[in-house]
Q: 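Handing you this structure, nothing more for now.
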Amino acid sequence: MSRIVVVSNRVADPNKPAAGGLAVAVRECLRRTGGLWFGWSGRIVERTRTDTGHAHASIQASGKIQLATVDLDRQQYETYYGGYSNNVLWPVFHYRLDLAQFDEGFAAGYRQVNQLFAQQLFRLLKPDDVIWVHDYHLIPIAAELRALGCENRIGFFLHIPVPPPLIIAAIPEHEWLMRSLFCYDLVGVQAKSDLTHLVRYMETEARAERPGDGILRAFGRELRVGAFPIGIDVDEFAALADARDSKDMYATMRDEYSRRELIVGVDRLDYSKGLPQRVRAFRALLDRYPENRSRATLIQIAAPSREDVNAYDELRQEMDSLCGAINGDYGELDWMPIRYIRRSVARRRLPGLYRASRVAMVTPLRDGMNLVAKEFLAAQDPGDPGVLVLSRFAGAAEQLTEALHVNPYDIQGIAQAMQRALTMPLDERVSRHAALMDSIRRYDVHWWRATFLDELQRTA
Ligand code: GDG
C-alpha cells in the first residue's frame, strides 16, 4: 500500500492531545495508516537558512508516524501566515471582503513559503506516496511540487467554506490560485454548497469543461472535485466523556448550577463564529422571556486565536463590552447571566461541560463545517440529551437537519430558538438527538478519511 503523506500548515505530535479539529482528524488518519506528516514546526527563528534550499526539514519519529517540520523566519511568518493566510484567504473565504488586506508583500511571502515547503517535501517523497494537502495555507504547493517534477497523486482538502465566484474573484491573485488548484488530482470541500460555488467559479473564471460528474478540465489538466464533510471520532469523544476529567467537570457544573439551565458556546475567538450576535440574542432572550432571568446561564468559552491580527482585537473588545453590559444590567447577587471565559479549556474536560448543558449555541456567520456541533451531540446522555441550536450557514447544517436551525444574523430569531430549546419536551429532545447521532456516526472522521483517500487512489 502507498505511504500517506499529510501536509498541513502546522504539525502536531500525534501522541499528544490535539486541540483543533484539523489536528485531531489528521492524527486519526495517520495513526491508522502510518506515514509522514509535513509542515511548519510552529517555531519562528531569527534567521533561517532553509529558504536558501540547502537546509533540510527536521525529522522526528512518533510511533509509526514520521514528523517532518520546517521553521519559518519572522518575515515568512508575517507574510505567509499572518498576512496572506489569515488576512486575505481566511476573511475572503468567510465572505468578509471588508476585512481582507490585499498586499503584494503578503502574496509574495505566501508563494515563497509554499515554494520552500515544496522543496523540502520533494526530497522526502517516494514514487508511490499519496500526498494529502490540507487547507488554505497551502493551495499552491501542488503547483510548486509539479514544477519540481513531482508526479505523485496529490489531493487537497479545504477546511473552510468556498464563497460565490465573484467574491473569490476579488482576490488579486485568484487566477494564480485557481491554476494551482488544477495541479491537484482531487480537490475536496466540506459541503455541497461549497462544491457548487467551486464548480461555478471554475466554469466562469477558468472556462473549465465538465466532461463528467465531479470532473473539471482546464489548463490541460483534469481535476476531480467532491464534497467530503469532515466528522469526528464519535467513539473517542464518547470515551473522553466517560473518563475521569470529564465526569469531574460534569459533577462540578451540575453542582454549581443545580438550579439553572446552562447554555454553552465553545469557539475560537474568531469573527466568523458569530459571537457578538449570539450574546445579543441571549440578551434578547432575557428581555423577551423574563422567566429565564435568574435561571438561564450562558457559558461562553472563547479560545484565544490569532491575537496579532487587528480584527481579532476589535472582536475581543466588543465581546468584553457586550458581556460586561449584560452582567451589569441583568445580574443578581446570586446569578451571573454570562460566564465569558477568554481562555481555552482542556479537551478532556470539554465533554463534561457539554453534557451538563441543556443547550449548545453553534451560530457561526459562516463555517466550513464546525466540529463543536458534532462533539456536543456525542457527549450527550441519549436518555436526557441537550438541544443543538445551529447556524444554517455552518457546513454542518447540511447534515444535522434535526438541529434547531437559525439565521445567525437574526437576533430575535436566535432568541426564539434558544427559548424553544430551553423548553423542548424530553421526547422531542430524545428523538432529535437519536437522528443526529445516526448522522454523525455514519459520517464520522473514519468515513471522511477513507472516502477522500479512496477517491484520490482512484484518480488516474
Ligand atoms: C476549521 C474550520 C472545520 C475549541 N475551543 C476549545 C477547543 N476547541 C476545539 C473544538 C473543536 C475544534 O477546536 C474547533 O473546530 P471547529 O470545527 O469548530 O472550528 P475551526 O477551528 O475554525 O476549524 C471548521 C474544521 O476546520 C475542521 O475541518 O469544521 O469549519 O473553520 O475540536 O473542540 N479545544 C480545547 N479547548 C478549547 O477551549 N481543548
Side-chain angles (χ1 to χ4, degrees), residues 6 8-10 12 16-29 85-86 89-91 93-96 132-137 156-163 188-191 193-194 227-234 236-237 240-241 245-246 249 264-275 299-306 312 339-354 360-379 388 390-391 393-400 408 440 443-445 447-449 452:
V6 170
S8 66
N9 170 54
R10 277 295 293 274
K16 296 203 179 122
L22 188 153
V24 172
V26 169
R27 184 185 62 177
E28 187 281 332
C29 166
S85 298
N86 289 333
L89 297 176
W90 178 271
F93 279 62
H94 286 86
Y95 297 54
R96 293 297 302 270
W132 189 2
V133 177
H134 290 263
D135 233 0
Y136 58 102
H137 315 84
F156 177 71
F157 185 78
L158 185 68
H159 290 256
I160 61 175
V162 181
V189 292
Q190 299 268 26
S193 56
D194 301 317
F228 302 87
I230 194 170
I232 62 164
D233 188 333
V234 179
E236 185 232 53
F237 209 78
L240 214 57
D245 284 317
S246 202
M249 180 72 163
V264 73
V266 174
D267 307 79
R268 280 186 306 101
L269 186 53
D270 190 289
Y271 51 77
S272 66
K273 303 291 182 184
L275 295 170
I299 298 191
Q300 178 63 55
I301 310 288
S305 181
R306 305 174 196 167
Y312 290 72
R339 281 277 174 104
Y340 172 54
I341 297 157
R342 208 183 333 102
R343 243 171 302 123
S344 67
V345 169
R347 185 171 172 80
R348 56 183 199 282
R349 295 167 65 83
L350 280 177
L353 174 62
Y354 291 145
M361 298 304 294
V362 178
T363 54
L365 304 178
R366 197 74 187 99
D367 215 331
M369 176 55 55
N370 197 295
L371 296 179
V372 171
K374 297 183 175 184
E375 292 169 355
F376 171 77
L377 294 167
L388 174 64
L390 179 62
S391 163
F393 304 134
E398 281 186 9
Q399 294 177 302
L400 304 181
I440 65 167
Y443 301 107
D444 66 0
V445 73
W447 173 90
W448 173 72
R449 167 188 46 80
F452 186 93

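Bear in mind that the values here come from a model prediction, so they are computed numbers and not experimental data. What you see below is based on every heavy atom in this structure, not just the backbone, and it leaves out hydrogens, waters and symmetry mates. Each ligand, and each atom within it, is numbered from 1 in the order the structure gives. Positions are given from 1 along the sequence.
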Q: Do any N or O atoms from the side chain of Asp270 and from the backbone of Ser272 form a donor-acceptor pair under 3.5 angstrom?
A: yes
Q: If hydrogens are left out, which of Ile230, Ile160, Leu371, Leu350 has an atom nearest to atom 7 (C) of ligand 1, that is, the closest non-hydrogen atom?
A: Leu350
Q: As an exercise, identify every atom of ligand 1 less than 4.0 angstrom from a heavy atom of Ala346.
A: 39 (N)
Q: Can you list the residues that meet the ring pair (Phe, Tyr, Trp, His ring centres under 6.0 Å) rule with Tyr340, with sequence neighbours excluded?
A: none
Q: Hey, what do you get for CD1 (Ile440) to CG (Leu400), rounding to the nearest 0.5 Å?
A: 7.5 Å
Q: Quickly, which of Phe156, Trp447, Trp132 forms a ring pair (Phe, Tyr, Trp, His ring centres under 6.0 Å) with Phe452? Name it, please.
A: Trp132
Q: Which of the atoms in ligand 1, numbered in the order shown and given with their element, are less than 4.0 Å from a heavy-atom of Val372?
A: 10 (C), 18 (O)
Q: Select one of side chain, backbone, both or neither to describe which atoms of Ser272 lie under 4.0 Å from any atom of ligand 1, heavy atoms only.
A: neither
Q: Which residue from Arg343, Arg268, Arg347, Lys273 reaches closest to atom 19 (O) of ligand 1 through any of its heavy atoms?
A: Lys273
Q: Polar contacts were defined as any N/O atom of the residue lying under 3.5 Å from an N/O atom of the ligand; does this apply to Gln190 and ligand 1?
A: yes
Q: Does an N or O from Leu22, backbone or side chain, lie closer than 3.5 Å to an N or O of ligand 1?
A: no
Q: Check whether any side-chain N or O of Lys374 sits under 3.5 Å from a backbone N or O of Ile230 as a donor-acceptor pair, and report yes or no.
A: yes
Q: Of the listed options (Val345, Asn370, Asp270), which comes nearest to atom 36 (N) of ligand 1 when hydrogens are ignored and any heavy atom counts?
A: Val345
Q: Please check: side-chain N/O of Ser391 versus main-chain N/O of Pro364, any donor-acceptor pairing under 3.5 Å?
A: yes
Q: Tell me which part of Ser344 gets within contact of ligand 1: side chain, backbone, both or neither, using heavy atoms under 4.0 Å.
A: both
Q: Please determine if Gly368 has a nitrogen or oxygen closer than 3.5 Å to a nitrogen or oxygen of ligand 1.
A: yes
Q: Does Trp90 have a non-hydrogen atom less than 4.0 Å from ligand 1?
A: yes
Q: Please evaluate residues Leu365 and Tyr271 with respect to the criterion side-chain contact (heavy atoms from CB on, under 4.5 Å), reporting the C-alpha separation (whole Å), side-chain torsions for both, the decisive distance (0.1 Å), and the verdict.
A: CA-CA 8 Å; Leu365 304 178; Tyr271 51 77; over 6 Å; no
Q: Please indicate whether any nitrogen or oxygen in His159 is less than 3.5 Å from any nitrogen or oxygen in ligand 1.
A: yes
Q: Checking the side chain of Asp245 only, and the main-chain atoms of Arg349 only, is there a donor and an acceptor separated by less than 3.5 Å?
A: no
Q: List every atom of ligand 1 that sits less than 4.0 Å from any heavy atom of Ile301, numbering the atoms from 1 in the order shown and giving each element.
A: 38 (O)
Q: With sequence neighbours excluded, what pairs up with Phe157 under the ring pair (Phe, Tyr, Trp, His ring centres under 6.0 Å) test?
A: His159, Trp448
